[in-house]
Each structure stands twice: as structure tokens, then as C-alpha cells.
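One structure below.
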Amino acid sequence: MSTNTSVKGVLLCEATALVEGGSAHVFELRAHGETVRAFALRHEGQVVSYVNRCAHVPVELDWQPGEFLDDTRRWIICSMHGAVYDPVDGQCVGGPCHGEYLESVAVGEHEGRIYWYPRDHLAPAQKTDNDPVRRLILQGSAPAQHEPP
């Protein structure tokens, strides 16, 4: 996907982390005002990226963390409903949302690194300290872990 170089990119990972037909790099961003997950993977030599939501029902697609491709490693597949998407453009080519598209995230590869580029309704996820568990971890005292009886 082409990028607008006047917009500052957000570093995702080293380019070597994305291998053809391999696992995706999963990351958080803000889409339409809420924090959601997105993913980037390498397909036909290019890095592509989409918001991790099925076009049929807004559920995450991956059947295991970072695993979005079917067993042929050719198609993105929804683990919930079996919708099949073309990695090139995110179009649903089979299943209950035929003809609809995954929401794309602009990505680029530069000097051995992969970046994503915020736009109108896609922004970096905000890290907040409002979560009490996160606050405790940041303060150096995590909640006690208990073994089952």
C-alpha cells in the first residue's frame, strides 16, 4: 500500500519479522474513537495491513494470535464465520460478507523497518494509566498471583 510520506509513520517492527506467508505482526490503534487491534503481514512481497475486524460481524479474525492465513497461506480467513479475504486489497471473496472489504491501514517499508501511517480516523493507541492493574505494574507492585487449590 502506498503511503503519504508527509505523515509521520509509527514503527511496527523490523522488516525481517514479516516473512511471506508467515505470522502477522499484531498491534493496537484507535479506530473511530476506540482502541482495536490491527495486523500487518507480507503477501506477494508487499506488506499489507488491516484492522482486525471481520466485515460481516465485528469480531477479530485470527484463529490463533497472529495467525490470519488459511492453510494454503493464500487467503485471510475469519476464524468465526469462515469469510475469506484477498490479502492484496482486503476484499471478501467468499463467505457471508462477499464483496465487502476489511478496513485497510496504510503501511510502508523503509530502511529495513515497517511503519504504519495514521489518517483521519486511525490514530496511535493511547496508553493510559487509568487501568488499576497497569498502575500497579508501573508502580512496581503487581497484584499477587495465586495458585489454584
Side-chain angles (χ1 to χ4, degrees), residues 1-131 133-140 142:
M1 169 167 282
S2 63
T3 59
N4 178 351
T5 56
S6 66
V7 175
K8 185 176 179 184
V10 179
L11 178 64
L12 284 180
C13 61
E14 297 296 318
T16 56
L18 297 179
V19 297
E20 186 72 31
S23 297
H25 178 82
V26 179
F27 58 101
E28 288 187 340
L29 53 73
R30 300 243 343 133
H32 310 284
E34 68 176 294
T35 301
V36 297
R37 292 188 332 138
F39 64 96
L41 55 83
R42 189 173 300 279
H43 176 73
E44 296 179 354
Q46 300 298 310
V47 177
V48 297
S49 183
Y50 300 99
V51 172
N52 188 3
R53 283 197 170 163
C54 182
H56 173 231
V57 173
V59 296
E60 292 190 343
L61 300 161
D62 42 344
W63 48 273
Q64 297 231 349
E67 297 298 331
F68 294 85
L69 299 174
D70 69 349
D71 56 358
T72 69
R73 313 307 283 171
R74 167 65 183 96
W75 306 102
I76 296 170
I77 189 164
C78 176
S79 64
M80 180 70 71
H81 304 105
V84 178
Y85 298 91
D86 188 339
V88 172
D89 60 7
Q91 182 178 21
C92 182
V93 295
C97 54
H98 189 78
E100 294 182 50
Y101 289 83
L102 296 174
E103 183 172 9
S104 67
V105 176
V107 291
E109 190 167 346
H110 183 68
E111 295 181 355
R113 293 186 169 160
I114 308 296
Y115 296 86
W116 79 271
Y117 297 88
R119 61 179 193 246
D120 301 331
H121 58 278
L122 299 178
Q126 299 296 317
K127 300 288 183 191
T128 67
D129 295 335
N130 293 337
D131 175 8
V133 173
R134 180 171 164 71
R135 259 198 318 266
L136 288 172
I137 291 169
L138 291 174
Q139 293 170 356

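Just so you know, these numbers use all the heavy atoms, side chains as well, and skip hydrogens, waters and symmetry mates.
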Sub-4.5 Å side-chain heavy-atom contact between [X] and [Y]:
X	Y	answer
Ile76	Val84	no
Pro118	Val10	yes
Val51	Val105	yes
Ile77	Leu61	no

For [range], which residue pairs qualify under salt bridge (Lys or Arg N to Asp or Glu O under 4.0 Å), counting only residues two or more places apart or in two chains?
range	answer
residues 76-86	Arg74-Asp86
residues 51-64	Glu34-Arg53, Arg37-Glu60, Arg37-Asp62
residues 10-23	Glu14-Arg113

Quiz item: Which pairs, with at least one residue in residues 74-109 and sequence neighbours excluded, count as a ring-ring contact (aromatic ring centres under 6.0 Å, His included)?
Solution: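 Counting only pairs at least two positions apart or across chains, the ring-ring contact (aromatic ring centres under 6.0 Å, His included) contacts touching residues 74-109 are His56-His81.
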
Quiz prompt | All side chain to side chain contact (heavy atoms under 4.5 Å, CB included) counterparts of Ser79, not counting sequence neighbours | solution =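 By the side chain to side chain contact (heavy atoms under 4.5 Å, CB included) rule, Ser79 matches Trp63.
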
Self-check item: Heavy-atom donor-acceptor pair, His25 side chain to Leu12 backbone, under 3.5 Å
Solution: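 Here the side-chain-to-backbone pair exists.
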
Self-check item: Partner residues of Arg73 under the salt bridge (Lys or Arg N to Asp or Glu O under 4.0 Å) criterion, sequence neighbours left out
Solution: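 Per chain and number, Arg73 pairs via salt bridge (Lys or Arg N to Asp or Glu O under 4.0 Å) with Glu67.
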
Quiz item: Which pair of heavy atoms, one from Ala125 and one from Thr35, lies closest together, and at what distance?
Solution: CB-CG2, 4.2 Å

